[in-house]
Structure formats: C-alpha cells, structure tokens
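These notes are about the structure you will find just below.
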Amino acid sequence: MNAFYEHHKNNIRFHYRCFDRILLNGIIQPFQREELVVGFFSEYRQLYPVSRDVLREIATQFHNWVTNRSQKWGAPILEAPEGRRDEFVDAYFKQAKADEVVCIIKAREPARILAAIGTKAQNRWHLELKQRWVQQYNFYINDSDWGRMFVRVCPYFPFSARLCLNQHHWLANRMRQQGIRFKQTSNAFMQCADPKRLQQLADSLAPRDFYRCGHKWLARLTPFFTPRERQHGHIQHQLFFAQVEYCDNLIFSRRASLDRVGDRLLDANRTIGQPNKLTIIFGRKITQQYRGKLQTVIEDINLPNPVIRSHYKNGFIKQYVRDNRMLRTEAATNNVKDYGLQKAMENLPRLRQTLQGITERYLDVQQDILESFVDRDQLPQLSEPTILPNGKRIPGLKLDHPRQLALMHALVRFSHIAAADSFTTPEIHADTAAALARSTSEYSLGSLRYDLSKLRAKSLVERLPKTRRYRLTKDGYRICVVYLKLFEKLYAPLTSGVLAPFRPDKRFTRLTELDKLYAAVSRALDQLVDAVGLKAA
C-alpha cells in the first residue's frame with residue numbers, strides 16, 4: 001500500500017480501486033486485408049468483383065435494418081446532442097430491462113471503411129481501406145452483466161465497432177447478486193458493506209468478461225453475416241484496448257478532512273509536472289528524444305472540485321475530489337503501447353498491474369509533497385490561547401519564548417524524571433531560573449506557576465490527584481524536546497549563519513562535522529523551498 005494511504009488511513013472509511021471507463025475497438029481481423037474480403041464474397045456470396053454498388057447496398061440494408069429494429073425494440077433513433085451524451089440518455093435508462101436497447105444515437109464520426117476503386121464501364125474494381133467520416137449508430141444498452149453501456153457500429157463494411165463499458169456498473173451487478181449492500185453515485189461507490197469483497201470482485205475482472213459481452217452484442221448488431229459464415233469463416237469481432245481509465249478511490253470519513261487534504265494538494269502540486277517526478281510516476285524514462293506531451297495542469301479551477309492532471313505521451317493521471325467524500329486518483333491512456341503493452345485483451349492483467357503501479361507511485365509522490373508529517377493544525381492549536389471551563393484564558397505556547405523554553409529545559413532534566421516521574425514547582429524553580437540565566441528572586445515562583453499553567457492547559461503537564469505534584473506526560477516530553485531542538489539546534493544557529501555569519505570561518509579549509517551538518521541542512525532547506533515552488537525572487 002502507498003505511503004499516502006498509510007498516512008491518512010485513520011481518516012479513510014474505505015478504499016477500493018477498479019477500472020472505470022473502458023473503450024474497446026472491435027474489428028473483424030480477416031477483413032483488414034482486401035484480398036480476404038474478395039475471397040469471402042467470392043466463396044460465400046458468389047460475388048466478383050466487389051463493386052461500389054455492392055458496398056453501397058450493404059450499407060443501405062444496414063440503415064433499413066436499424067430503422068426496423070428501433071421500431072420493434074421501442075428504442076428511438078435520436079440525433080446526437082450538443083452536450084454530454086451520458087446525461088442526454090439518462091432518462092431512457094430509468095425503466096430499462098436487462099439486455100434491452102433503450103435508444104440509438106446517430107452521428108457522423110470517423111471510421112475505417114472498405115472502398116471500391118474502379119469504373120463501372122470496365123467493371124474492374126480493387127478494394128482499399130479508407131478513413132472516412134460516415135453516419136454511425138450508437139446503441140445504448142442495459143446489459144445483464146455490464147449494466148449501462150453503448151456499442152457503436154459502422155454500417156459500412158467491414159462493420160468496425162466500438163464498445164464503451166464501465167466496471168462500476170459491472171461491480172454493482174455482481175454485488176447485487178451476492179447480496180452486498182452498497183450506495184452508488186454514477187460511477188463511484190460511496191458506501192459498501194463489504195469493501196474487501198468489493199476489491200476481490202474488482203480484481204477478478206478477466207478478458208473473458210469483455211469477450212462474452214462484446215461477442216453477444218456485436219453478433220446481434222451486425223446481421224449481415226449468416227450463422228454458417230460466422231462458423232466456417234471464423235467471422236467474429238476481436239476486441240482491442242482503445243482507451244482505459246483505472247481509478248483509485250479513497251472515501252474519507254469526514255468532508256472536512258478531505259477538504260483540508262484537497263486544498264493542500266492543489267497548493268503543493270505546482271512542481272509535480274517536472275520530468276524527474278513524471279519519470280517516477282509513469283515508470284518510463286524521459287530523455288531528450290521524448291516528443292510527447294509533458295505537463296501538469298489544474299483544470300476547472302472555477303468549479304468546487306478542480307482537477308490536477310499530469311500528462312505523459314497519450315496518457316495522463318488526474319486527481320480530484322468528487323461527491324464531497326472521495327479523493328479519486330485516475331490513470332488513463334489512449335494508447336497502451338506507451339507503457340510497453342499490446343492492445344489485445346489478453347494483456348488485461350499486465351495493464352491492470354501497470355496502471356496500479358502508476359497510481360501507487362503518484363500517491364507516494366503526493367505524500368512526499370505533503371511532507372512526512374502532514375500538518376493537521378496541531379502547531380497553531382498549541383500557539384493559540386486556551387479557554388478553561390471556568391472561562392479563564394491561558395496564553396498559548398510560543399516557539400521562541402525565553403521563559404517557556406527555560407521551563408522546558410528544566411522539565412526534561414533527568415534529575416526530577418528519575419524521582420518517581422513527578423515534581424513540585426519548588427523542585428524545578430532553581431533549574432528553570434538557571435536556564436533563564438536569572439536568580440530565583442528575579443524569576444519568582446509565581447512566574448513559574450504561570451508558565452507551567454500554559455503547559456497544563458495543553459495537557460502536556462498533568463497534576464496528580466490530591467497532591468501538589470505534577471507529571472510531564474509522554475506527549476509533553478516529546479513536545480518539549482521538539483521545541484528545544486528546533487529553536488536551539490536549528491532555528492537559532494541557521495538564523496545566525498544567515499544574518500551574522502562568522503567571517504573568519506571562511507578561511508578554514510576543513511570544517512568540523514557539526515558545521516558540515518548545518519551546511520547540509522541549509523542546502524536541504526534551499527532544495528525544499530525550490531521543490532514546493534517558493535523560489536526567492
């Protein structure tokens with residue numbers, strides 16, 4: 001599991017990852033060679049040559065078949081809307097039955113079709129595959145296994161096709177069958193009674209699940225071929241990856257927790273598009289010969305949930321908040337060959353592993369950007385005043401307050417820790433005054449009790465019941481040490497090195513080990529400032 005999840009898991013209700021939108025190209029492979037098309041028509045249809053009129057008649061028959069079928073199915077043929085088609089067809093899916101075509105959208109779209117080149121006078125023709133803009137049909141279907149989907153079929157021979165599936169709908173059907181309670185919002189699960197089983201189902205998706213759905217519908221939607229031709233000529237659409245989206249979904253327990261993390265990610269991701277980081281994320285070396293798209297952008301910045309998108313060649317990874325509780329990280333590609341994979345469905349396990357790796361590394365980089373210890377407002381809370389139940393106001397802790405640091409010095413001394421792990425104010429009075437470089441008369445016992453009350457208000461020091469003794473809590477000890485280390489060993493020396501450097505030091509050719517370490521910290525801070533996009537002007 002990635003570092004991001006491990007760090008935020010206390011705020012995460014459940015987690016799952018699966019494929020999201022999947023586009024598959026369907027082609028009849030033998031018909032990608034013109035000579036095999038000629039052989040098919042000659043053997044099965046006794047047609048030679050294959051003329052332009054023959055191909056035009058095939059397309060006309062398909063158009064007529066779609067018109068007749070739409071009436072029989074009660075599925076209207078609609079013109080393509082200007083906006084999103086998914087939203088446009090929502091109403092048609094409301095009362096849809098299993099394995100029902102709910103509507104058909106026709107639109108001019110590019111397709112690879114067979115063209116006959118020649119003249120009627122000589123009746124001499126040869127065939128060529130051409131890319132053309134033609135009228136195609138998008139069949140919107142409520143599949144019994146995959147739920148909501150669509151199949152686009154080109155009416156021109158050799159009937160190239162495209163399937164659009166979404167694993168969220170497939171998972172919803174599987175969970176219904178197994179009696180698992182869940183709440184789905186579009187293509188996301190916001191609640192699930194058995195997240196472990198949900199993930200097992202998501203990982204069980206196999207190439208046969210795609211083929212079962214694809215072959216069923218493509219056989220129904222390409223009626224040109226007879227059963228004998230399909231069986232003896234091995235005429236069947238093969239499926240190949242066209243576009244794949246794989247999403248990692250973290251559902252947070254509280255909206256406030258996700259809002260805080262989301263705001264920090266938007267603010268801190270200005271440099272995630274650097275080549276060195278994208279090399280880590282996508283696992284592909286970026287050299288001087290690289291010619292693809294390479295950038296990170298924040299899109300839809302005017303919306304409540306902007307999107308961070310990092311591009312690599314024909315793919316990208318994006319991250320955004322959806323439905324107020326979910327942080328989605330989604331890797332997508334329009335060409336799986338960018339990741340060294342082939343497009344055949346049999347490569348599904350390797351593709352899943354590759355996209356999982358990209359999302360894992362992306363979230364690891366995100367956690368590095370957020371720093372090892374994510375600020376959850378504890379430091380500002382320590383510095384803010386505390387209002388006691390009786391209404392009394394106790395000032396907060398300051399990182400550079402001399403009296404507070406002196407008291408912390410006294411509290412972490414071994415002299416009183418060894419004595420039953422408790423102390424009284426008179427026992428630490430002298431040590432605190434000495435750390436402050438004052439006498440006990442200059443730093444009174446009343447002042448000490450006042451300073452101690454600040455630590456008690458933050459629950460870093462507790463009073464033992466029915467006694468006048470106090471005890472430094474475990475967290476109190478650690479906070480005191482952190483404050484002392486930060487101020488005396490880091491902030492103060494580094495500030496002196498910047499504002500009042502010791503000039504004679506420059507004449508020394510050999511630095512002490514301590515000086516080297518301070519110099520290393522200074523350089524590291526410069527690199528950190530550079531990495532988070534805060535370069536000095």
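Values below: every heavy atom of this structure, side chains too, minus hydrogens, waters and symmetry copies. Heads up: numbering here begins at 1 and tracks the sequence.
Side-chain N or O atoms of H215 include one that pairs as donor or acceptor with a backbone N or O of H237 at under 3.5 Å. Between the side chain of S204 and the backbone N or O of L201, at least one donor-acceptor pair lies under 3.5 Å. Checked by atom type and distance alone, the side chain of Q29 never pairs as donor or acceptor with a backbone atom of F31 at under 3.5 Å. Judged by distance alone, with hydrogens and angles left aside, the side-chain atoms of R255 form no donor-acceptor pair with the main-chain N or O of N324 at under 3.5 Å. Under a 3.5 Å cut-off, the side chain of Q131 and the backbone N or O of I113 do not form any donor-acceptor pair. Panel note: side chain Q95, backbone Y92; no donor-acceptor pair is recorded below 3.5 Å. For the pair H8 (side chain) and L250 (backbone), a donor-acceptor distance under 3.5 Å is absent.
Side-chain contact check for Q167 and H169: no donor-acceptor pair (N or O, by modelled atom type) lies under 3.5 Å. No hydrogens or angles considered: a donor-acceptor pair under 3.5 Å links the side chains of H168 and D20. Side-chain atoms of D143 and W217 include a donor-acceptor pair closer than 3.5 Å. Between the side chains of T185 and D323, a donor-acceptor pair is found at a separation under 3.5 Å. Looking at Q243 and R21, their side chains do bring a donor and an acceptor atom within 3.5 Å of each other. Judged purely by distance below 3.5 Å, without hydrogens or angles, the side chains of R13 and Q191 never pair a donor atom with an acceptor atom. Side chain to side chain, R197 and Q200 meet the donor-acceptor criterion of an N or O pair below 3.5 Å. For the residue pair Q356/Y246, the side-chain donor-acceptor check at 3.5 Å is satisfied.
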Report, one line per pair, each donor and acceptor closer than 3.5 Å where one atom sits in a side chain of residues 49-67; sequence neighbours left out.
from	atom 1	to	atom 2	distance (Å)
S51	OG	D53	N	3.4
S51	OG	V54	N	3.4
D53	OD1	R56	NH1	3.0
E57	OE2	Q61	NE2	3.4
T60	OG1	R56	O	3.0
H63	ND1	Y137	OH	2.6
N64	ND2	T60	O	3.3
T67	OG1	H63	O	3.1

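Of the candidates D338, T333, N334, D338 is the only one forming a side-chain hydrogen bond (donor to acceptor under 3.5 Å, both in side chains) with N314.
Considering only heavy atoms from C-beta on, V336 stays 4.5 Å or farther from Q342 through its side chain. In this structure, S160 and R152 have side chains that are not in contact, with every pair of non-hydrogen atoms separated by 4.5 Å or more. With a 4.5 Å cut-off on side-chain heavy atoms, P76 and S70 do not count as touching. E109 has its side chain within reach of N138: a pair of non-hydrogen atoms, C-beta onward, lies under 4.5 Å apart.
In this structure, R174 is positioned above the aromatic face of W170, its NZ or CZ under 6.0 Å from the six-membered ring centre and within 45° of the axis. A cation-pi geometry, defined here as NZ or CZ lying under 6.0 Å from the six-membered ring centre and within 45° of its normal, holds between R148 and F93. At least one cation-pi condition fails for R325 and F252: the charged atom is not both under 6.0 angstrom from the six-membered ring centre and inside a 45 degree cone around its axis.
Classification of the F224-F157 ring pair by plane angle, with boundaries at 30° and 60°, yields perpendicular. The aromatic rings of F225 and F40 sit perpendicular to each other, their planes meeting at more than 60°, with 30° as the lower class boundary.
Between F150 and F139, the distance separating the two ring centers is not shorter than 6.0 angstrom.
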Practice item. Assess whether side-chain hydrogen bond (donor to acceptor under 3.5 Å, both in side chains) is satisfied between N173 and Q177, documenting all intermediate values. Key: CA-CA 6 Å; N173 283 335; Q177 293 170 2; over 6 Å; no

Exercise for review: Tell me, with the steps shown, if N25 and R112 meet side-chain hydrogen bond (donor to acceptor under 3.5 Å, both in side chains).
Suggested key: CA-CA 11 Å; N25 284 333; R112 203 161 181 251; over 6 Å; no

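Note on R17 versus E330: no salt bridge recorded, every NZ/NE/NH1/NH2 to OD/OE distance being 4.0 Å or above.
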